[in-house]
S.K.: 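Before I ask anything, here is the structure I am working with.
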Amino acid sequence: MTPADTRNGPAETHDAAEYDPQRAVVEERVDPASAEAKDRMRRMRQRNWALFALLWAMVALFFAITIAKMS
């Protein structure tokens with residue numbers, strides 16, 4: 001067993017194919033098919049796209065400043 005295996009706990013607790021609702025309540029896990037999980041995934045996707053747009057804006061600003069200083 002590697003340190004990466006022990007960091008997230010035993011492997012059997014992270015098997016998505018064996019979803020146990022009672023264990024999920026104790027471990028505060030959410031059913032992947034539930035509306036709450038889908039809403040959280042939608043918010044995460046929005047956040048990721050916003051961060052991606054921010055990254056590209058920063059790259060564009062960097063090149064704009066570089067070109068302005070060269071001219």
Side-chain angles (χ1 to χ4, degrees):
M1 182 175 280
T2 65
D5 294 334
T6 58
R7 182 178 52 220
N8 295 325
E12 63 269 8
T13 61
H14 298 283
D15 190 5
E18 296 180 11
Y19 180 75
D20 182 9
Q22 289 183 332
R23 182 184 292 172
V25 170
V26 172
E27 297 177 354
E28 297 180 4
R29 293 172 58 194
V30 178
D31 180 10
S34 70
E36 180 185 353
K38 290 178 182 177
D39 186 52
R40 188 171 63 185
M41 287 298 297
R42 183 183 54 80
R43 282 186 273 123
M44 289 174 64
R45 264 187 248 113
Q46 288 176 344
R47 185 200 61 194
N48 289 345
W49 277 109
L51 290 173
F52 183 71
L54 178 65
L55 173 69
W56 277 106
M58 291 176 67
V59 169
L61 181 64
F62 169 77
F63 280 109
I65 290 172
T66 302
I67 291 170
K69 288 184 90 174
M70 289 175 59
S71 59

S.K.: Hey, what do you get for CZ (F62) to CD1 (I67), rounding to the nearest 0.5 Å?
M.R.: 10.0 Å
S.K.: Are I65 and M58 connected, step by step, through hydrophobic side chains (Ile, Leu, Val, Met, Phe, Trp, Tyr) whose heavy atoms are closer than 4.5 Å?
M.R.: no
S.K.: Check for me, please, whether F63 and F52 land in the same ILVMFWY cluster - side-chain distances under 4.5 Å, paths through other members count.
M.R.: yes
S.K.: Working to the nearest 0.5 Å, report the span between CE of M41 and CG of N48.
M.R.: 8.5 Å
S.K.: Does E36 have more than 12 heavy atoms from other residues, nucleotides or ligands lying within 6.0 Å of its CD?
M.R.: no
S.K.: Sequence neighbours left out, what passes salt bridge (charged side-chain N to carboxylate O under 4.0 Å, His left out) with R42? Give chain and number order.
M.R.: D39
